[in-house]
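The block underneath contains the structure these notes are about, expressed in structure tokens.
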Amino acid sequence: MAFEGVDFLRLDELYSDEERLARDSVREFVSREFLPRIQEHVRRDGSFPMELVPRMAELGLFGANLHGYGCAGLSNVAYGLVMQELERGDSGLRSFASVQGSLVMHPIHTWGSEAQKERWLPRLAAGRAIGCFGLTEPDFGSFASGMLTKAVRHGDRWVLNGTKRWITNGSVADVALVWARSEDGVQGFLVEKGTPGLVTSDIRGKLSLRASITSELSLQDVEVRESDRLPGAQGLRAALGCLTQARYGIAWGAIGAAMACYDEVVHYCRERIVQGGPLAGKQLTQEKLVEMLAGITKAQLLALRVGRLKDEGKLHHTMVSLAKRENVDMALRVARAARELLGANGIVDDHQAMRHMLNLETVRTYEGTHEVHTLILGKHITGLDAI
Ligand SMILES: Cc1cc2nc3c(=O)[nH]c(=O)nc-3n(C[C@H](O)[C@H](O)[C@H](O)COP(=O)(O)OP(=O)(O)OC[C@H]3O[C@@H](n4cnc5c(N)ncnc54)[C@H](O)[C@@H]3O)c2cc1C
């Protein structure tokens, strides 16, 4: 059955033609080309349907809200709707596009030299190159300011040493944006695949985001040129600026995961007969479905307002923290309730809810954990930094 979305408050009327078109074309791509493949990739831990990358590029999904250099130049609301539809497929699919666009292309676009932009952005937009973002380390996740990876300058070259862990697409990336501490503070370096001293290995045994490649990057005396340093990215603030972009996409993406679970479970409950009648007709079931619809609808309003503010240049990073925190929390609750209503059937991968539920555990953790966003907002309210 074709997925029709969830739109209780007729929000469709608030989107432009361009925004609806972007959403609908990704919705169709996910239904026709991605979903038939997902089960196979989930069963093979750490694999992604790489054959879809050229198609994703053709649809303009990489760096979709950036302008120039072969990027689609969509509004931020259209970009958000694209992320929503991708995550309706799987958080791994949305993560692929988020990392490529928000965590690699955005920083090059914002802080790169003209030569870096011309070299990388058209290739990344066309999916001819894949990027990854190396900030997290084995001992420093939530508070990257403690990072141990070092960059030491020798004339016009830099030598990088350290380990980055939990890096999406690390082993398949043609270019890694590696954040390292230098004498002048934290800086970002573009490290190309095959650079001597760069070794990648994939993390296995994940129970979440299985249809996504997650790697460790080991850097031992990796030499890069001064021209590989992002000249405009000074300090950790730049790395955190990338995260704000990605978190914005996640606030929308989580709605997609919740919609997938809700859509699946409403159909299921209508068909499933318990005690002589449809499960959908039971009072406790209806309460669960109402909570789901209410959560999705409130999340849509939050995302839309945040998106319009971003398009108007009025967005503050704390607003993104609120949207990421609330919408992911909502999606996880929807996925858990949907899994519950599916009963035993809900634990097999013919149904989507448990896959989304497990994925959302990662989404709650990465790009600022739920607690980190709580502390960001707590500081905003009180002026007191509890971190
Ligand atoms: C599948 C996957 C993909 C990822 N992809 C990337 C990527 O591409 N690039 C990248 O750089 N990173 C990536 N990450 C890493 C991710 O961003 C980190 O896991 C995240 O920042 C949390 O860090 P941590 O795992 O070290 O947890 P920790 O920082 O050790 O936190 C553990 C727990 O303690 C809580 N906590 C921490 N500090 C406080 C405090 N002061 N008060 C109260 N509670 C606190 C946290 O909220 C959390 O619940 C990925 C992670 C996963 C799982």
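The basis for the numbers below is simple: all heavy atoms, side chains too, and nothing from hydrogens, waters or symmetry mates. Ligands are counted one by one from 1 in listed order, and the atoms in each one are counted from 1 as well.
- In this pair, Trp111 and His106 present their aromatic rings perpendicular. The plane angle is above 60°, beyond the 30 to 60° band.
- Donor-acceptor pairing under 3.5 Å is recorded for the side chains of Ser208 and Thr362.
- Within a 4.0 Å radius of atom 42 (N) of ligand 1, the protein contributes at least one heavy atom.
- Proximity of Thr168 to ligand 1, defined as any heavy-atom pair under 4.0 Å, is shared by backbone and side chain alike.
- The protein atom (non-hydrogen) at minimum distance from atom 39 (C) of ligand 1 is Phe143 CE1, 4.0 Å.
- Tracing side-chain contacts under 4.5 Å through hydrophobic residues (I, L, V, M, F, W, Y), one never reaches Leu21 starting from Leu81; they form parts of separate clusters.
- Near Leu135, the atoms of ligand 1 lying under 4.0 angstrom from a non-hydrogen atom of the residue are 11 (O).
- Of the protein's non-hydrogen atoms, Thr365 CG2, 4.4 Å is the one closest to atom 25 (O) of ligand 1.
- The protein heavy-atom contact nearest to atom 26 (O) of ligand 1 is Gly141 CA, 3.3 Å.
- In summary, the atoms of ligand 1 found under 4.0 Å from a heavy atom of Leu375, numbered by their order in the structure, are 40 (C), 41 (N), 42 (N).
- When distances from atom 21 (O) of ligand 1 to the protein are checked, a heavy atom turns up under 4.0 Å.
- Side-chain polar atoms of Asp202 and Ser215 form a donor-acceptor pair below 3.5 angstrom.
- Under the 4.0 Å criterion applied to side-chain N and carboxylate O atoms, Arg119 and Glu192 are assigned as salt-bridge partners.
- In this structure, Arg88 forms a cation-pi arrangement with Phe3, its terminal cationic atom sitting closer than 6.0 Å to the ring centre and no more than 45° off the ring axis.
- For atom 50 (C) of ligand 1, the nearest protein heavy atom (residue, atom name, distance) is Trp166 O, 3.1 Å.
- In terms of protein heavy-atom proximity, atom 29 (O) of ligand 1 is closest to Ser142 OG, 2.6 Å.
- Those atoms of ligand 1 with a heavy atom of Leu209 less than 4.0 angstrom away are 1 (C).
- Under a 4.0 Å criterion applied to the non-hydrogen atoms of Ile167, ligand 1 contributes the atoms 7 (C), 8 (O), 9 (N), 10 (C), 11 (O).
- Within a 4.0 Å radius of atom 47 (O) of ligand 1, the protein has at least one heavy atom.
- The protein heavy-atom contact nearest to atom 12 (N) of ligand 1 is Thr136 OG1, 2.7 Å.
- Contact atoms of ligand 1 toward Thr369: 22 (C), 46 (C), 47 (O) (distance under 4.0 Å to a heavy atom of the residue).
- The N/O atoms of Glu371, backbone and side chain alike, include one that comes under 3.5 Å of an N/O atom in ligand 1.
- The aromatic rings of His351 and Tyr268 sit perpendicular, their planes meeting at an angle over 60°, well past the 30° parallel limit.
- Closer than 4.0 Å to atom 7 (C) of ligand 1 lies at least one heavy atom of the protein.
- In this structure, Lys164 does not pair ionically with Glu216, as no charged nitrogen and carboxylate oxygen lie closer than 4.0 Å.
- Summarising the contacts of atom 52 (C) of ligand 1 with Val372, Thr362, Ile203, the nearest heavy atom is found in Thr362.
- Between Arg23 and Asp12 there is a salt bridge, since a side-chain N of the basic residue sits under 4.0 Å from a carboxylate O of the acidic one.
- Inside a 4.0 Å radius of atom 1 (C) of ligand 1 there is at least one protein heavy atom.
- The pair Arg94-Asp90 fails the salt-bridge criterion, with no side-chain N (NZ, NE, NH1 or NH2) lying under 4.0 Å from an Asp/Glu carboxylate O.
- Figure legend: cation-pi geometry between Lys324 and Tyr248 absent, as NZ or CZ is not positioned both under 6.0 Å from the six-membered ring centre and within 45° of its axis.
- Between Phe96 and Phe48, the ring planes lie parallel to each other; the angle is under 30°, not in the 30° to 60° tilted range.
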